[in-house]
There are 2 protein chains.
Amino acid sequence: MATKYERIADALREEIRAGQLKPGTRLPAETALAEQYDTSVPTIRQATGVLVAEGLIEKQHGRGTFVRKAPTRVVRDNARHQWEKDRARASEAERLTTGATERDTGLTINDLVFEASYEQVPATAELAGMFGVPEGATLLQRTYRTRYREERTPLNRSQSYLVLDMIASNPDLLREDQEPWPGGTQNQLWTVGIELDRVVETFQARPPTPEEVEELGLPAGVSVIILRKVGIDTTDRVVEVADVVLPGDRTELTFTTKLTRW
Amino acid sequence: MATKYERIADALREEIRAGQLKPGTRLPAETALAEQYDTSVPTIRQATGVLVAEGLIEKQHGRGTFVRKAPTRVVRDNARHQWEKDRARASEAERLTTGATERDTGLTINDLVFEASYEQVPATAELAGMFGVPEGATLLQRTYRTRYREERTPLNRSQSYLVLDMIASNPDLLREDQEPWPGGTQNQLWTVGIELDRVVETFQARPPTPEEVEELGLPAGVSVIILRKVGIDTTDRVVEVADVVLPGDRTELTFTTKLTRW
DNA sequence: CAGGATAAGTCCTCAAGAGGAGTTGACGAC
DNA sequence: GTCGTCAACTCCTCTTGAGGACTTATCCTG
């Protein structure tokens, strides 16, 4: 015999699954639900709290409790690291299996706004260790935020680090006033004689910190994806490290691994 | 002015961050905290509930509330799709940037137990669409569970699908009694004339369903990573689809993308 | 007609308390 | 000494009640 609030949560969850409560619908008020299920308001709040944590409903202070819509997802693909010509090789099989979300959302890069800021910072012990430079060495830190046109909360926040000494031969890379990294990081690094060989991406999912909730405008119950991207050049040096914070409910990542046999 | 429970949550969070409350430590009892912060037990429970959702603490009925240890992470790397010889090419740069967790945990494949079961199921509309077969066509479904030796809850659950007709030429693939897929899926498919060309992996993070909480023994506040792996052969056919459910707090995924220039 | 005040409806905070259920260690019976 | 019982401690459930804060629509004022 489950507890009272669990039974209520189950009942509501079932109504949502069955489609009786459609996305966007407002649930009855807490007092109404309390009467309907013959219990008190705190017990109702406990039940709805479960569904919030599951990401099924969303509470809005003063407005009501609503069934959440499936959020718009943004697809990231590791093919973005490749040159354009290579991307064109994407075949029908890929489109069948991964293109669906992109088609559904109908979003293109033009619907997004990018913001960037540059700063010179000393290397932390962790970053210094990865780059193989002394702790405190000067790094160029670029902070990116991506948002939908006409939305305030960004879709992601990314901080990328380069060792200043490695890129000093091209002062344009340090100019704040120009479009950040036209042609992409790979091309930019090429202009200072660095040839990127491969990118290693590591990531995990965890609940957001309060700061991340604030910055990304996350509803309760969603997690963030933490992605660390490490760029390695043809001489096996770590030349770029980037930490990206992505909202878990709005992000879908795709990676293609080509298999080799020699 | 933040609310009372927020201030309490902030105070406890700060104690944890500062290391005054070390991982594994038991927090004072709810009644003691209520007295300490001059409030009621429900308010204390609300405050600690925030930290549970953030994954910082864990409540154990009858025992107490404990500061969570950083969970053991299992690293998945897309290099696992490659032949062994290729893996050996992993260089110092990779080890610097991604090998740390593997070294820290000290876990090898020998510490893990694999369970598998086979079943023949009709293709759902979604799977049929991906494979390009009629809906209801017979699929071979393999269900995997991975667990630590001497732990009951599995680390992950994976369901993999193959089209029966494609692999029918090797009846050994259907034998339940043998070690599942010796040599790996890539080698096994080779025995039926299928040459895997690439693997496309798509994933997202979301809160777990109650069933997943049950099956994977997830503490409150952690999310699951849903990974869909699609194997494509050299003739651009989708030959394998696998859905993997991973606990977000115990999993770290790594992908290496080799950049090309032609 | 525009703008602000108001009222109703909503979810949120906080309190105090009773009883229940899981865990642990101490104690006593055997 | 071993085992089971029991008491103490823990977190969990649920209740009742009061007031606060946010949102929206209505109504009144200018």
Side-chain angles (χ1 to χ4, degrees), chain A residues 1-13 16 21 24-68 152-153 210 213-214 217-221, chain B residues 1-13 16 21 24-68 152-153 210 213-214 217-221:
Chain A
M1 173 74 159
T3 62
K4 203 164 196 176
Y5 81 90
E6 281 174 340
R7 289 199 306 275
I8 297 170
D10 289 346
L12 291 173
R13 192 186 296 112
I16 293 170
L21 289 172
T25 315
R26 210 198 71 200
L27 268 65
E30 291 174 341
T31 51
L33 284 174
E35 194 172 347
Q36 178 183 337
Y37 285 101
D38 192 29
T39 184
S40 65
V41 168
T43 301
I44 291 297
R45 287 181 56 75
Q46 199 169 4
T48 51
V50 172
L51 302 185
V52 168
E54 289 172 12
L56 290 176
I57 63 177
E58 186 175 0
K59 297 188 182 187
Q60 294 182 28
H61 193 171
R63 294 198 61 219
T65 305
F66 300 86
V67 180
R68 279 187 70 188
R152 58 228 161 290
T153 55
V213 169
E214 171 87 14
L218 300 173
Chain B
M1 174 74 159
T3 63
K4 204 164 194 175
Y5 81 90
E6 281 174 340
R7 288 200 308 273
I8 297 171
D10 289 346
L12 291 173
R13 191 187 297 113
I16 294 170
L21 289 172
T25 315
R26 209 198 71 199
L27 269 66
E30 292 175 341
T31 51
L33 284 174
E35 194 170 349
Q36 177 183 339
Y37 286 101
D38 190 31
T39 185
S40 66
V41 169
T43 301
I44 292 296
R45 287 182 57 74
Q46 198 170 3
T48 51
V50 172
L51 302 186
V52 168
E54 289 171 13
L56 291 176
I57 63 177
E58 186 174 1
K59 298 189 183 187
Q60 293 184 29
H61 193 172
R63 295 197 61 221
T65 305
F66 300 86
V67 180
R68 280 187 69 189
R152 57 226 164 290
T153 54
V213 169
E214 171 86 15
L218 299 174

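Convention: sequence-line order gives letters A, B, ...; per-chain numbering from 1. Basis for what follows: all heavy atoms, side chains included, without hydrogens, waters or symmetry-related copies.
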Handout entry: Near-strand residues of residues 30-48 of chain A, defined as heavy-atom separation under 4.0 angstrom from DNA chain D
Key =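 Here the set is A:Thr39, A:Ser40, A:Pro42, A:Thr43, A:Gln46.
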Side-chain contact, heavy-atom cut-off 4.5 Å: [X] with [Y]?
X       : Y       : result
B:Leu27 : B:Val67 : yes
B:Arg63 : B:Glu58 : no
A:Val50 : A:Arg13 : yes
B:Lys59 : B:Arg45 : yes

In this structure, how many angstroms lie between the [atom2] atom of [N] and the [atom1] atom of [X], rounded?
X       : N      : atom1 : atom2 : result
A:His61 : D:dC22 : NE2   : C1'   : 5 Å
A:Arg7  : D:dT13 : CZ    : P     : 12 Å
A:Lys59 : D:dA21 : NZ    : C1'   : 15 Å
A:Arg26 : D:dT24 : CZ    : P     : 11 Å
A:Glu6  : D:dC12 : CD    : C1'   : 11 Å

Problem - From D:dT13, D:dT23, D:dT15, nucleotide with atom closest to A:Lys4 side chain - result: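 Side chain of A:Lys4 sits closest to D:dT15.
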Exercise for the section: Indicate the atoms forming the closest heavy-atom contact of B:Tyr37 with B:Lys4, along with that distance. Expected result: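 Looking at all heavy atoms of both residues, the shortest contact is O-CE, 4.4 Å.
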Practice task
Identify the two heavy atoms, one from B:Gln36 and one from B:Pro28, that lie closest to each other, and give their separation to 0.1 Å.
Solution key: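 So the minimum-distance heavy-atom pair works out to OE1-CG, 4.4 Å.
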Handout entry: side-chain contact (heavy atoms from CB on, under 4.5 Å) partner of A:Ile8, the single match among A:Leu33, A:Thr48, A:Ile44, A:Thr3
Key =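 Going through the options one by one, the only one that passes is A:Ile44.
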Handout entry: DNA chain C: 5'-most and 3'-most nucleotides touching chain B, 4.0 angstrom heavy-atom criterion
Key =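 For DNA chain C, the relevant span reads C:dT13 to C:dT24.
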